[in-house]
Number of protein chains: 2
Amino acid sequence: MQPQQTLFYEGDPAEFLFNVTGGMIRVHKLLADGRRQVTGFLYPGDFVGLAVHDNYAYTAETVVATSVCRFPRTKLHALMREMPHLENRMLSMASNELIEAQDQMLLLGRKTAQEKIASFLLMISRRAGRRGQSDNPIHLPMGRTDIADFLGLTTETVSRVFTQLKTSGAIRLLDNSRVQLSDMRALGATAQGS
Amino acid sequence: MQPQQTLFYEGDPAEFLFNVTGGMIRVHKLLADGRRQVTGFLYPGDFVGLAVHDNYAYTAETVVATSVCRFPRTKLHALMREMPHLENRMLSMASNELIEAQDQMLLLGRKTAQEKIASFLLMISRRAGRRGQSDNPIHLPMGRTDIADFLGLTTETVSRVFTQLKTSGAIRLLDNSRVQLSDMRALGATAQGS
DNA sequence: CGATCCGTTGAGGTGCGTCAACGGGAGTGG
DNA sequence: CCACTCCCGTTGACGCACCTCAACGGATCG
């Protein structure tokens, strides 16, 4: 799929379950007046559309060129009966997502802009490392608007904090989508609350 | 269990899975300097400790006098093999929690104080109704500090918004723990963004 | 070369936090 | 039964972190 394409919209009947096999998916929710909260960025291996309900609870879009595997949800029950292992694995993934969601709530509800950005950079680095990719410098396929809507900030604030972290020597901005984490210790301290 | 007692702390080895049978559980995470994010209030029927990992990712405490059912997690796998239905049910509950978590992210990241409080009151009302209890006036067993830490606000702001909603006629404060939702339509509008 | 998009930077405003004081209810001890 | 204290919710005054509005620059594309 091409960049910035929609897999499904919030409220659509939830017919399919997707598995990301390449690229990046962005998931978000909207308020009536257009305010947006990005609730997650999904990497290869992640599932989208885990909803048990009849309709999707969020919109899913590609960030960059992305490939996905699509299962009809009607076949899911049958599939799980054949592979009991699968249900276990999905419960495990859902639990992991729940833990990440709680971390994100802590970030959104209680962290400052600097702490949010530092936490975000470290999270991206950790994920890249877990996927066996170079985790420094890190790659940020999403734009400033996506980062802002993920962290509950504005693009201007994201930009300013990047500049502050650059000035303080914690990071280096190689280009708009590549960031070198020069001082992991400082970033870690900032992420937790200076 | 008595009010304000701890079931387990964040980081403790996750030995047990709990099922709330009465009262209310509060779940939270802390930053190093003491800032707190309450990530959920659990009612009878809800599970606590669904973590797949070896350690709890959050602290769980009682809000009021509470009764729980405790399962050793080591027996959980065996139990799920006996009752395949159970695993299905837990996946379903985890998915529901994920959807609620995403709603909460939207609230924390993008809603104003008024919108947060209105959303909170409506959520409590909805939950009470779903459990077959009177949903108006609603009962708030938790204190202002808990509400503030759940919504990413301070107690002062919570108090001020309650007063504003009271003045505007949307609610009536019967006492510190009982709130009458006088104008559901106005509350609904406020919750979404005026 | 003009147009558009995106990130950055600056100036000013504001919603909510901080700090402080007050009041009522509950528990305690005399 | 009455002081005294403690705790919690409320209210006010003030400050600040972040938002808003605006302008600018570089990259990309026709």
Side-chain angles (χ1 to χ4, degrees), chain A residues 2-4 26 31 33-38 63-64 107-121 139-168 171-179 190 193-194, chain B residues 2-4 26 31 33-38 63-64 107-121 139-168 171-179 190 193-194:
Chain A
Q2 293 303 308
Q4 310 295 339
R26 169 184 69 230
L31 287 173
D33 61 3
R35 278 173 289 172
R36 186 177 74 144
Q37 180 66 41
V38 172
V63 176
V64 294
L107 180 149
L108 290 170
R110 288 302 182 210
K111 290 190 181 179
T112 66
Q114 288 225 15
E115 292 162 4
K116 286 176 176 180
I117 298 281
S119 303
F120 174 70
L121 294 175
H139 182 51
L140 301 178
M142 70 295 282
R144 295 292 186 266
T145 305
D146 290 338
I147 298 175
D149 286 346
F150 182 61
L151 300 177
L153 299 171
T154 59
T155 59
E156 293 93 330
T157 298
V158 170
S159 190
R160 277 186 254 270
V161 173
F162 272 158
T163 304
Q164 289 167 24
L165 290 175
K166 185 180 66 178
T167 305
S168 79
I171 64 173
R172 287 186 57 186
L173 299 173
L174 306 184
D175 62 50
N176 280 342
S177 68
R178 300 192 75 76
V179 181
T190 303
S194 263
Chain B
Q2 294 302 308
Q4 311 296 340
R26 170 186 67 231
L31 287 173
D33 60 3
R35 277 173 289 171
R36 186 177 73 145
Q37 179 66 40
V38 172
V63 176
V64 293
L107 180 149
L108 290 170
R110 289 301 181 209
K111 290 190 180 180
T112 67
Q114 288 224 16
E115 291 161 5
K116 286 176 176 181
I117 298 280
S119 302
F120 174 70
L121 295 175
H139 181 52
L140 301 177
M142 69 295 281
R144 296 290 186 267
T145 305
D146 290 337
I147 298 176
D149 286 347
F150 182 61
L151 301 177
L153 300 171
T154 59
T155 59
E156 293 93 329
T157 299
V158 171
S159 192
R160 277 186 255 269
V161 173
F162 271 158
T163 303
Q164 289 168 22
L165 291 175
K166 184 180 68 179
T167 305
S168 80
I171 64 173
R172 287 186 55 187
L173 299 173
L174 307 183
D175 63 50
N176 279 342
S177 69
R178 298 193 76 77
V179 181
T190 303
S194 264

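A, B, ... follow the sequence lines: proteins, then strands. Residue 1 opens every chain. Every heavy atom of this structure was used, including side-chain atoms; hydrogens, water molecules and symmetry mates were not.
Atom CZ in A/R35 sits about 13 Å away from atom C1' in D/dC19, given to the nearest Å. In this entry the distance linking CG of B/L140 with P of D/dG9 reads 11 Å, nearest Å. One interatomic measurement links the two molecules: CZ of B/R178 to P of D/dG9, which rounds to 16 Å at whole-angstrom precision. In this structure, A/D33 places its CG atom 11 Å from P of D/dT20, rounding to the nearest Å. The interatomic distance linking B/Q164 (CD) with C/dG15 (P) rounds to 11 Å, in whole Å. When the P atom of C/dC16 is taken as reference, atom CG of B/L108 falls 13 Å away, rounded to whole Å. Atom-to-atom, CG of B/L151 to C1' of C/dG15 comes out at 16 Å; the value is rounded to the nearest Å.
Comparing the start and finish of the helix from C/dC1-D/dG30 to C/dG30-D/dC1, five pairs each, the helix axis swings through 30°, to the nearest 10 degrees.
Contacts of B/R172 classified as salt bridge (charged side-chain N to carboxylate O under 4.0 Å, His left out), with partners at least two apart in sequence or in another chain: none.
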Atom pairs, N/O to N/O, protein against nucleotides 4-9 of chain C, distance under 3.5 Å?
| from | atom 1 | to | atom 2 | distance (Å) |
| --- | --- | --- | --- | --- |
| C/dG7 | OP1 | A/R144 | N | 3.1 |
| C/dG7 | OP2 | A/R144 | N | 3.4 |
| C/dT8 | OP1 | A/R144 | NH2 | 3.4 |
| C/dT8 | OP2 | A/R144 | NE | 2.8 |
| C/dT8 | OP2 | A/S159 | OG | 2.8 |
| C/dT8 | O5' | A/S159 | OG | 2.8 |
| C/dT9 | OP2 | A/T163 | OG1 | 2.5 |

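The nearest pair of heavy atoms linking A/R178 to A/H139 is NH1-ND1, 3.5 Å.
Atoms OG1 and CD, from B/T157 and B/Q114 in turn, are 11.0 Å apart once rounded to the nearest 0.5 Å. With rounding to the nearest 0.5 angstrom, the CG atom of A/L151 is 6.0 Å from the CZ atom of A/F120. Between the CG atom of B/D149 and the CZ atom of A/R110 there is a distance of 4.5 Å, given to the nearest 0.5 Å. Atom CD of A/Q37 is separated from atom CG of B/L108 by 8.5 Å, given to the nearest 0.5 angstrom.
A/R144 places a side-chain N or O within 3.5 Å of a backbone atom of A/N176 that can act as its donor or acceptor partner. Put simply, the side chain of B/S159 never gets that close to the backbone of B/T155: no donor and acceptor are under 3.5 Å apart.
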